[in-house]
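The structure appears right after this line, and notes come after that.
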2 protein chains.
Amino acid sequence: MTITDARLAISEVAQATGLSAHTLRYYERAGLMLDPVDRASSSHRRYSAGDVNWVEFLTKLRLTGMPIATVREYAELVRRGDSTTEDRLDLLGRHRSAVLAQLDDITKSLAAIDKKIALYKEKATHA
Amino acid sequence: MTITDARLAISEVAQATGLSAHTLRYYERAGLMLDPVDRASSSHRRYSAGDVNWVEFLTKLRLTGMPIATVREYAELVRRGDSTTEDRLDLLGRHRSAVLAQLDDITKSLAAIDKKIALYKEKATHA
DNA sequence: CTAGAACTTCGAGTGCGCTCTAAGTCAAAC
DNA sequence: GTTTGACTTAGAGCGCACTCGAAGTTCTAG
């Protein structure tokens with residue numbers, strides 16, 4: 001019940017997060033939200049600031065390649081409460097390692113692409 | 001006809017590149033190879049060192065998120081010969097930008113994940 | 001009060017990139 | 001020469017993550 005208690009419509013959250021309204025509903029159906037989003041007039045969704053923060057965080061998990069199923073697992077741990085802190089740390093830690101490996105792969109591949117670009121540029125110079 | 005003229009079987013290339021034989025055939029069918037791979041006894045594929053190098057490079061394109069269709073475009077430019085150097089530079093340059101953006105996104109998301117991890121660790125300390 | 005836009009559900013459809021199957025051919029070892 | 005396993009093709013199937021459609025309801029502006 002704070003003064004900042006704005007409840008956003010799905011279209012506003014879509015706007016704010018860059019996801020489509022379709023995708024937001026899909027994520028909720030898929031069990032990715034911590035709780036079902038509140039409703040106004042018992043039909044239209046009203047997102048709280050907490051909901052939006054959560055969507056933003058799970059978007060980062062997705063962006064770094066975490067599968068939907070794993071995001072759901074994580075959400076389930078959060079739902080289960082404080083006793084799951086260790087498990088959450090473990091899950092995020094393992095994901096962190098995967099992301100580091102991913103960054104390494106991409107960086108190495110980028111170096112090869114840069115090499116090829118340099119090669120073409122040199123070729124163009126000698127033309 | 002150099003002294004290093006080893007021709008590899010598809011299984012050996014699979015081994016060497018980390019792709020499956022299925023995927024190697026799929027890539028060829030999809031027009032990703034520069035030329036159809038040579039055949040021994042007019043049936044089994046025999047990959048040249050050049051073929052393998054090419055597969056390794058296109059794997060780096062794929063790893064950095066270039067769609068199959070774009071890899072094919074690039075292969076077509078290479079096939080068309082020296083006159084396409086500018087186009088290839090253009091294509092690779094645009095991809096390079098996309099990869100940099102991708103790295104930035106991932107790095108920013110990773111920072112948020114690290115923050116969350118730090119938060120959980122702190123919580124564990126106060127327990 | 002009414003028109004039109006935005007919302008609802010739920011199931012079907014899409015696009016991508018493999019991945020596998022079946023039925024047959026070929027090659028290397030014995 | 002025969003067996004065993006790797007290879008061939010064409011096409012079907014799959015998993016993932018959306019994305020869309022239809023049919024109906026609700027909100028908002030005039």
Side-chain angles (χ1 to χ4, degrees), chain A residues 6-33 35-48 51-52 55 57-75 95 98 102 105-106 109, chain B residues 6-33 35-48 51-52 55 57-75 95 98 102 105-106 109:
Chain A
R7 298 275 160 160
L8 301 184
I10 194 165
S11 60
E12 296 172 303
V13 178
Q15 181 72 27
T17 60
L19 301 173
S20 71
H22 282 307
T23 301
L24 286 167
R25 288 189 205 101
Y26 165 69
Y27 280 180
E28 190 175 341
R29 266 196 291 175
L32 267 49
M33 299 303 290
D35 306 288
V37 175
D38 284 354
R39 303 305 179 108
S41 359
S42 60
S43 78
H44 290 196
R45 287 173 181 77
R46 292 294 172 233
Y47 288 77
S48 71
D51 290 331
V52 176
V55 169
F57 184 65
L58 76 81
T59 297
K60 291 183 201 316
L61 295 179
R62 292 287 307 117
L63 247 174
T64 48
M66 184 182 286
I68 297 283
T70 308
V71 178
R72 176 168 48 239
E73 275 178 49
Y74 180 67
H95 182 58
Q102 196 192 150
D105 279 356
I106 294 174
S109 296
Chain B
R7 298 273 159 162
L8 301 185
I10 194 165
S11 61
E12 294 171 304
V13 178
Q15 181 72 27
T17 60
L19 301 173
S20 72
H22 281 306
T23 300
L24 286 167
R25 290 190 204 99
Y26 166 70
Y27 280 0
E28 190 176 342
R29 265 196 293 177
L32 267 48
M33 298 304 289
D35 307 288
V37 175
D38 285 353
R39 302 306 178 107
S41 359
S42 60
S43 79
H44 290 197
R45 287 175 181 78
R46 291 292 172 236
Y47 289 77
S48 71
D51 290 332
V52 176
V55 170
F57 185 64
L58 77 80
T59 297
K60 290 182 203 316
L61 295 179
R62 293 287 306 116
L63 248 174
T64 48
M66 185 183 286
I68 296 283
T70 308
V71 179
R72 176 167 48 238
E73 274 178 49
Y74 179 68
H95 182 57
Q102 196 193 147
D105 279 357
I106 295 174
S109 296

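Proteins come first, then strands; the chains are lettered A, B, ... in the order of their sequence lines, and each starts at number 1.
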Whole-Å distance, A:Ile10 CD1 to D:dT26 P, equals 17 Å
Ranking C:dC7, D:dT9, C:dT21 by distance to the side chain of A:Ser11, first place goes to C:dC7
Whole-Å distance, A:Gln15 CD to C:dA6 C1', equals 14 Å
Check: A:Ile106 and B:Ile106 side chains under 4.5 Å, non-hydrogen atoms:
yes
Side-chain contact check for B:His22: nearest option of D:dA6, C:dT21, C:dT9 is C:dT21
When rounded to whole Å, the CE to P distance for the pair A:Met66 and D:dC16 reads 15 Å
Judged by nearest nucleotide, the residue sitting upstream toward the 5' end of DNA chain D, A:Ser20 or B:Arg39, is B:Arg39
Correct closest heavy-atom pair for B:Asp51 and B:Met33 would be O-CE, 4.1 Å
(Q) Donor-acceptor pair, distance only, cut-off 3.5 Å: does the side chain of B:Gln102 make one with the backbone of B:Gly65? (A) no
*asked:* At 4.0 Å (heavy atoms only), tell me whether A:Ala21 reaches a base, stays on the sugar-phosphate, or touches nothing.
replied: nothing
Listing time: all N or O pairs from protein to nucleotides 12-14 of chain C that are below 3.5 Å?
none

Whole-Å distance, B:Leu19 CG to C:dC20 P, equals 14 Å
Whole-Å distance, B:Tyr27 OH to C:dG17 P, equals 8 Å
When rounded to whole Å, the CD to P distance for the pair B:Glu12 and D:dA6 reads 12 Å
Taken to the nearest 0.5 Å, the spacing of A:Lys60 NZ from B:Asp105 CG works out to 9.0 Å
Between A:Gly65 and B:Ser43, the residue closer to the 5' end of DNA chain D by nearest nucleotide is B:Ser43
B:Leu32 CG to C:dG17 P, in whole Å, measures 10 Å
Is the distance from OP1 or OP2 of C:dT8 to the nearest side-chain N or O of A:Arg45 less than 4.0 Å? yes
Side-chain atoms of B:Ala9 come closest, of C:dC18, D:dA17, D:dC7, to D:dC7
Checklist entry - If we only count heavy atoms from C-beta on, is the B:Tyr27 to B:Leu58 side-chain gap below 4.5 Å? => result yes
- Task: Start with the C-alpha gap between A:Tyr26 and A:Leu32, add the side-chain angles, then the distance that decides, and say whether side-chain contact (heavy atoms from CB on, under 4.5 Å) holds.
- Result: CA-CA 9 Å; A:Tyr26 165 69; A:Leu32 267 49; over 6 Å; no
(request) Using a heavy-atom cut-off of under 4.0 Å over every strand shown, decide if A:Arg25 touches base, sugar-phosphate, or nothing. (result) base
By the 4.0 Å heavy-atom rule, please label A:Arg46 as base, sugar-phosphate, or nothing. nothing
Does the side chain of A:Leu8 reach to within under 4.5 Å of the side chain of A:Arg45, using non-hydrogen atoms? no
Side-chain contact check for A:Tyr26: nearest option of C:dT8, D:dC18, C:dT19 is D:dC18
In whole angstroms, the gap separating C1' of D:dG24 from NE2 of A:His44 amounts to 11 Å
